[in-house]
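Chain A is the first sequence line, chain B the second, and so forth, proteins listed ahead of strands; every chain is numbered from 1.
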Amino acid sequence: MSGALAIDVSELTKSFGARKVVDKFSIQVPKGQVWGFLGPNGSGKTTTIRMLCGLLLPDSGSGTCLGYDIRKQAALIKRNVGYMTQKFSFYEDLSIRENLDFVARVYEMDDRVRAVDQAIERLGLVERQQQLAGTLSGGWKQRLALAACILHRPQLLLLDEPTAGVDPQARRDFWDEIHQLAAQGLTVLVSTHYMDEAERCDRIVYLAYGTVLARGTVGEVIGASTLNTWIVTGEDVRALAGELQGRPGVDQVSVFGVTLHVSGTDAGALERAIEPYRARAGFAWKKSSPSLEDVFIHLMAPFRARLTG
Amino acid sequence: MFGISLSRIGAVFLKELIQMRRDRLTFGMIIGIPIIQLILFGYAINSDPKHLPTAINVQDPSVYSRTLVRALENSGYFRVTHVINGEREGAALLASGSVAFVVTVPPEFSRALARGERPQVLIEADASDPAAAANAVGAVAQLPATVFNRELSGGLSSLRPTPAPFEVVVHRRYNPEGISAYNVVPGLIGVILTMTMVMITALAVTREVERGTMENLLAMPLQPFEVMAGKILPYIVMGYIQVTVVLIAARVLFGVPMLGSYFDLSIALALFIAANLSVGFTISTVASNQLQAMQMTFFFFLPSILLSGFMFPFRGMPEWAQWIGTVLPNTHFMRIVRGVMLKGSHLHDMLADVWPLIAFMLFAMAVALLRYRRTLD
Ligand SMILES: Nc1ncnc2c1ncn2[C@@H]1O[C@H](COP(=O)(O)OP(=O)(O)OP(=O)(O)O)[C@@H](O)[C@H]1O
Ligand SMILES: [Mg+2]
């Protein structure tokens, strides 16, 4: 049945006190795919991931990870899943090698020493392997944590913001490695706030206030949006943004350096709104499809209105 | 689902060992606490206080009483500070702590002595500090046999020992059990272990929660028992090191004997240490930070030191306090160690104290395992 699915959960719900943090969350992730998990702060990403690897018991809902029941077979899931926590949770008072060695021992790896050697080599930390983990920079801690959670060759990786604070080169290396691992059959669910990372995923799931607002490939998510976007290029787009903000038909305006994204759900109203400005010298207007970020911000608009209103 | 894995226990054990070595404060505490406590309490044991203030109540002034008082002073332990007349005055001085002893020579002492009636000299000692009084009292015991050798010559030489021509009766006040100096060291072992073992385990687990490493630990295929065993084992080793330090120091500095077998002692130690570590582990499952863990440790430590018979004689405590004391492992452990060290008893002679220790240990372990969180809920 779920032979081809690495994660198959339905209607997972979790509350802390009276607050529902995750509400009827369902996904089916096929083996060998890389799924991105997006959503604003506090939307329930970490909570969901913790339920998937048996760290939190869902209040209701059920499902399997790697074919094991998330309620009853947490021990088996833990053996075959690599979970990278959002906050660095290895031992700062152990050295890089000692941390990796601890993990290898806990997973009872037969080729412990060799696996640890290889991991250190891949990290490029051979000379610093005796350095205490606590003295590593933030980005290097992330890289150590990632190395540690793939050390025991899991079948499923649950990564909670693995690249937060990591430099662009290291992020690219990291994603190359993720895709290599996926090519070998590993399944990855990775939460992130970076749009470029979302675009490297097979599928994305967008979560807000515990509910899934959008899912699918990047193209599908953008296509499903009712948003229309104009991109303006010019010298002083900031001033223009100020003028456009709040006009009827204009739902969101955001500045990206020398470009401006002007979006609205009603195409006609949007065009009427920008009409007076299009003739202005120094700006080039182009109709385009919205970016992923535009779509996400648009998805959040009703919640923002509810919060402020 | 999976059996208990020795290599996973080993993983946690090694990790704890490394962390223990790196954590200078904890490490210092483990070695430092026994040494500091030994010095503090050991001073009390070792101090052989001399020239203790003494009140004399001589109701029969004679050559004998004068000789007796001089002999007391010559022993070095007594310094006559008050010459009094009447029992009530003596009791008041003793109660206020102005004197450590009241020596009463009864009326008609010399006549009774001459008649060979073996009159009694009463020494009331403030034994609330038993260590202070013990040596002085010991010195007095020698007196009757020799003190009047010169006076009792010629016609009275028939009264020379043995038996001694008079008796010294010592009344220990405020501390009827008269805990001797030796009793303190075995008690100290229990107190030191209770304090360090409970606190260190409580901190070792709470620290994981506080630093966020607990999430990782829970996400790994480690079973509660494996975590507990791996965390507890290094500290059992530590406990034995502490006890060795105390035993050697007690032997070398204070000459405390070891009459029983080290095997019996180490069995009792294993039970006691495991019991305390389980208490620490239980505390760590309740406390949400290291400060709380510390406070709860003291909540357990105080009755262990106050109601176990270490501070106050057990039989002198009110009944409710004895009940609490009976539950505490330190009470039974101290009795066992005193039995083994000072009386040369064997464990099977002291089953009445071994069983409660085992029962407490099993109970504490069960609670610790049940309370250990398997999830972050
Ligand atoms: N143990 C807990 N007890 C109470 N509330 C909690 C607990 N864990 C999480 N929450 C709450 O649940 C909500 C969702 O938290 P969660 O960490 O899952 O969000 P997230 O999507 O991972 O956010 P971020 O992007 O900031 O990491 C938050 O409002 C948080 O305060
Ligand atoms: Mg999170």
What donor-acceptor contacts under 3.5 angstrom involve side-chain atoms of residues 143-159 of chain A, with partners at least two apart or in another chain?
{"from": "A:H152", "atom 1": "NE2", "to": "A:V81", "atom 2": "O", "distance (Å)": "3.1"}
{"from": "A:R153", "atom 1": "NH2", "to": "A:D111", "atom 2": "OD2", "distance (Å)": "3.1"}
{"from": "A:Q155", "atom 1": "NE2", "to": "A:N80", "atom 2": "OD1", "distance (Å)": "3.4"}

Salt-bridge criterion met for A:E108 and B:R8 (N-O under 4.0 Å): yes

Against chain A, residues from residues 225-241 of chain B with at least one heavy atom under 4.5 Å, in numeric order, are none

Check this for me: B:F363, atom CZ, are more than 12 non-hydrogen atoms of other residues, nucleotides or ligands nearer than 6.0 Å? no

Sort out for me which of A:Y107, A:Y91, A:F90 touches chain B most, counting heavy-atom pairs under 4.5 Å. A:Y91

Shortest non-hydrogen contact between B:G212 and A:S89, atoms and distance: O-CB, 3.1 Å

Sort by residue number and list every residue of residues 213-220 of chain B having at least one heavy atom under 4.5 Å from chain A. B:T213, B:E215, B:N216, B:L217, B:L218, B:A219, B:M220

Can you name the residues of residues 9-18 of chain B that have some heavy atom under 4.5 Å away from a heavy atom in chain A? B:A11, B:V12, B:L14, B:K15, B:I18

Heavy-atom contact with chain B under 4.5 Å, split by part of A:L132: side chain

Looking at B:F263, I'd like to know if its CZ atom is crowded, meaning that more than 12 non-hydrogen atoms belonging to other residues, nucleotides or ligands lie closer than 6.0 Å. no

Okay, side chain of B:R22, backbone of A:D93: is any donor-acceptor separation there less than 3.5 Å? yes

Heavy-atom pairs under 4.5 Å with chain B are the metric here; pick the option from A:M84, A:R50, A:E92 that has the most. A:R50

Is it the case that atom CG in B:L291 sees more than 12 heavy atoms from other parts of the structure closer than 6.0 Å? yes

Rounded to the nearest 0.5 Å, what's the gap from OG on B:S7 to CZ on A:R112? Could you check? 9.0 Å

